[in-house]
Novice: 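Here you go, one structure.
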Amino acid sequence: MKLITVSGPPSSGKTSAVLQAVRFFPQNVRFGVVKFDCLSTCDDGIYQKSGIPVRVGISGNLCPDHYYITNISEAVQWGLNNRFDYLISESAGLCNRCSPHIRDVLAVCVIDNLSGINTPQKIGPMLRNADLVVVTKGDIVSQAEREVFSFHIRKTNPRAAVVSVNGLTGQGALALSKWFERAKGIDSLEHMRLRFTMPAAVCSYCLGQTLIGKEFQMGFTRKMEF
């Protein structure tokens, strides 16, 4: 089974890009999706309407990255048990610091042209360590804006390929499907490594503290200089 991690900011068009790419595969190729999110999602209904088996993981009050990494092995086992040819792990980078990519697993970051030309420089490991950056909603901006946006992507991650995909018409999705085909097959994630460390935060607020003040701040904290 081939595992593909797809990440990106909320509403950047991850689900639409994946579904458009799936259309280019023969009907006998089996896809499964695991959708990770924080509070809620309706993407599972979209995948189900397309006939793709899907499971949803909601992290709630836990760090989405830590929730993801402690559940992804079981997600892979679910995919193997169902004999999927491809398993897509889709996660939203709500803080732009997420690091869901795994070494030797195809890493895709989806980002849209409407987020601002400087956005690529504000995104952390989910873009900087990606193999492929998929740019969506390019039909809404000018050619000049698209080129400047792509320049900033390449400046942030010069190693990644950049593909433009229209989630509505499917333009560019064939190239994305070809990238899916190049993904390596796996039978387990045991002893494999993340491409980058998780966000670090073990403090009193992690444990449920709500009071504000220096005397209530314990653990791993970082203070600004004024």
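The shown structure was predicted, so the numbers you read here are calculated from the model rather than taken from an experiment.
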Novice: Any heavy-atom pair between the side chains of Leu211 and Gln209 that's under 4.5 Å?
Specialist: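 Sidechains of Leu211 and Gln209: in contact.
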
Novice: Is Ile117 reachable from Phe151 through a run of hydrophobic residues whose side-chain heavy atoms are each under 4.5 Å from the next?
Specialist: no

Novice: Give the intermediate values and the outcome of side-chain contact (heavy atoms from CB on, under 4.5 Å) for residues Arg97 and Phe196.
Specialist: CA-CA 10 Å; Arg97 170 57 180 78; Phe196 200 81; 3.6 Å; yes

Novice: For the side chain of Thr119 and the backbone of Ser115, is there at least one donor-acceptor N/O pair under 3.5 Å apart?
Specialist: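 Flag set: sc Thr119 to bb Ser115 pair under 3.5 Å.
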
Novice: Please work out which of the three classes, parallel, tilted or perpendicular, describes the rings of Trp78 and Phe84, given edges at 30° and 60°.
Specialist: perpendicular

Novice: Determine, step by step, whether Arg193 and Asp104 satisfy the side-chain contact (heavy atoms from CB on, under 4.5 Å) criterion, reporting the C-alpha distance in whole Å, the side-chain angles of both residues, the deciding distance to 0.1 Å, and the verdict.
Specialist: CA-CA 9 Å; Arg193 291 178 178 269; Asp104 298 321; over 6 Å; no

Novice: Would you indicate whether the side-chain heavy atoms of Thr156 and Arg128 approach each other to under 4.5 Å?
Specialist: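 Yes; the side chains approach each other to less than 4.5 Å.
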
Novice: About how many Å separate CD1 of Ile88 and CG of Leu3, when rounded to the nearest 0.5 Å?
Specialist: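 Between Leu3 CG and Ile88 CD1, I get 8.0 Å after rounding to 0.5 Å.
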
Novice: Is Leu114 linked to Val135 within one hydrophobic cluster, defined over Ile, Leu, Val, Met, Phe, Trp and Tyr using a side-chain heavy-atom separation of less than 4.5 Å?
Specialist: no

Novice: Applying a strict under-4.5 Å side-chain criterion to I, L, V, M, F, W and Y, I'd like to know whether Leu87 and Ile52 cluster together.
Specialist: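 No, Leu87 does not connect to Ile52 through the hydrophobic network.
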
Novice: Between Lys137 (side chain only) and Gly13 (backbone N and O only), is there a donor and an acceptor less than 3.5 Å apart?
Specialist: no

Novice: Is there a side-chain contact between Ser99 and Asp65, using heavy atoms and a 4.5 Å cut-off?
Specialist: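 Counting from C-beta outward, Ser99 and Asp65 do come under 4.5 Å.
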
Novice: Mind listing the closest non-hydrogen atom pair of Asp37 and Ala92 along with its distance?
Specialist: OD1-CB, 4.3 Å

Novice: Under a 3.5 Å distance rule, please check whether Gln20 uses its side chain to pair with a backbone N or O of Ala17 as donor and acceptor.
Specialist: no

Novice: Is the shortest heavy-atom distance from the side chain of Val105 to the side chain of Lys2 under 4.5 Å?
Specialist: no

Novice: Please give me the minimum heavy-atom distance between Leu19 and Ser50, naming the atom from each residue.
Specialist: CD2-OG, 3.7 Å

Novice: For the hydrophobic clusters of this structure (ILVMFWY residues joined by side-chain heavy atoms under 4.5 Å, transitively), does one cluster hold both Tyr86 and Leu132?
Specialist: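 Tyr86 and Leu132: one cluster.
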
Novice: Would you say the side-chain atoms of Thr136 and Asp112 include a donor-acceptor pair closer than 3.5 Å?
Specialist: no

Novice: Hey, what do you get for CZ (Arg23) to CG (Leu174), rounding to the nearest 0.5 Å?
Specialist: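 That separation rounds to 10.0 Å.
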
Novice: A side-chain contact here means heavy atoms from C-beta on lying under 4.5 Å apart; do Val133 and Val163 qualify?
Specialist: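 The answer is no, as the side chains (C-beta and beyond) never meet within the 4.5 Å cut-off.
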
Novice: Would you call the rings of Phe31 and Phe25 parallel, tilted or perpendicular, where under 30° means parallel and over 60° means perpendicular?
Specialist: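 It falls in the perpendicular class, over 60°.
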
Novice: With a 4.0 Å cut-off on N to O distance, would you call Arg195 and Asp131 a salt bridge?
Specialist: yes

Novice: Rounded to the nearest 0.5 Å, what separates atom CG in Leu106 from atom CD in Glu181?
Specialist: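 Leu106 atom CG to Glu181 atom CD measures 11.5 Å (nearest 0.5 Å).
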
Novice: Do you know which two heavy atoms are closest between Ser73 and Leu189, and how far apart they sit?
Specialist: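 Scanning both residues, the minimum pair turns out to be OG-CB, 4.0 Å.
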
Novice: Is there a side-chain contact (heavy atoms from CB on, under 4.5 Å) between Ser89 and Tyr68 once you walk through the steps?
Specialist: CA-CA 9 Å; Ser89 164; Tyr68 158 82; 3.4 Å; yes

Novice: Taking Ile123 as the starting point, is it possible to reach Val108 by hopping between hydrophobic residues whose side chains are less than 4.5 Å apart?
Specialist: no

Novice: Side-chain contact test, heavy atoms from C-beta onward, threshold under 4.5 Å: evaluate it for Trp179 versus Val134 and give yes or no.
Specialist: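 SC-SC contact between Trp179 and Val134 ruled out.
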
Novice: So how far is it from Leu127 CG to His152 NE2, rounded to the nearest 0.5 Å?
Specialist: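 The CG atom of Leu127 sits 12.5 Å away from the NE2 atom of His152.
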
Novice: Is it the case that Glu147 and Ser150 place a side-chain donor and acceptor less than 3.5 Å from each other?
Specialist: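 There is no such pair (donor and acceptor under 3.5 Å, judged by atom type) between the side chains of Glu147 and Ser150.
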
Novice: Grab the two heavy atoms, one from Val141 and one from Arg146, that are nearest each other, plus how far apart they are.
Specialist: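 Shortest heavy-atom separation between Val141 and Arg146 comes out as O-NH1, 2.8 Å.
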
Novice: Taking all non-hydrogen atoms of both residues into account, name the closest pair between Met218 and Thr221 and its distance.
Specialist: O-CG2, 4.2 Å

Novice: Might you work through the side-chain contact (heavy atoms from CB on, under 4.5 Å) test for Ile58 and Thr41, ending with a clear yes or no?
Specialist: CA-CA 8 Å; Ile58 302 297; Thr41 183; 4.3 Å; yes

Novice: Assess the side chains of Glu90 and Thr15: does a donor N or O sit below 3.5 Å from an acceptor N or O?
Specialist: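 Side chains of Glu90 and Thr15: pair found under 3.5 Å.
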
Novice: If the threshold is 4.0 Å, N to carboxylate O, is there a salt bridge linking Asp44 and Lys35?
Specialist: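 Looking at Lys35 together with Asp44, the answer is no, because their closest N to O distance does not fall below 4.0 Å.
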
Novice: For His66, is there any backbone N or O sitting under 3.5 Å from a side-chain donor or acceptor partner on Thr70?
Specialist: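 Yes; judged by distance alone, with no hydrogens or angles, the pair exists.
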
Novice: Would you indicate whether the side-chain heavy atoms of Met198 and Leu194 approach each other to under 4.5 Å?
Specialist: yes

Novice: Rounded at 0.5 Å granularity, tell me how far CZ in Phe149 sits from CG in Asn113.
Specialist: 5.0 Å

Novice: Which atom pair, heavy atoms only, marks the closest approach of Asn157 to Asn129?
Specialist: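 Asn157 and Asn129 have their closest heavy atoms at ND2-N, 4.0 Å.
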
Novice: Once you round to the nearest 0.5 Å, how far does CD of Gln77 lie from CD of Glu190?
Specialist: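 So the gap between those two atoms works out to 9.5 Å.
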
Novice: Heavy-atom distance under 4.5 Å between the side chains of Cys203 and Gln217, does that happen here?
Specialist: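 SC-SC contact between Cys203 and Gln217 ruled out.
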
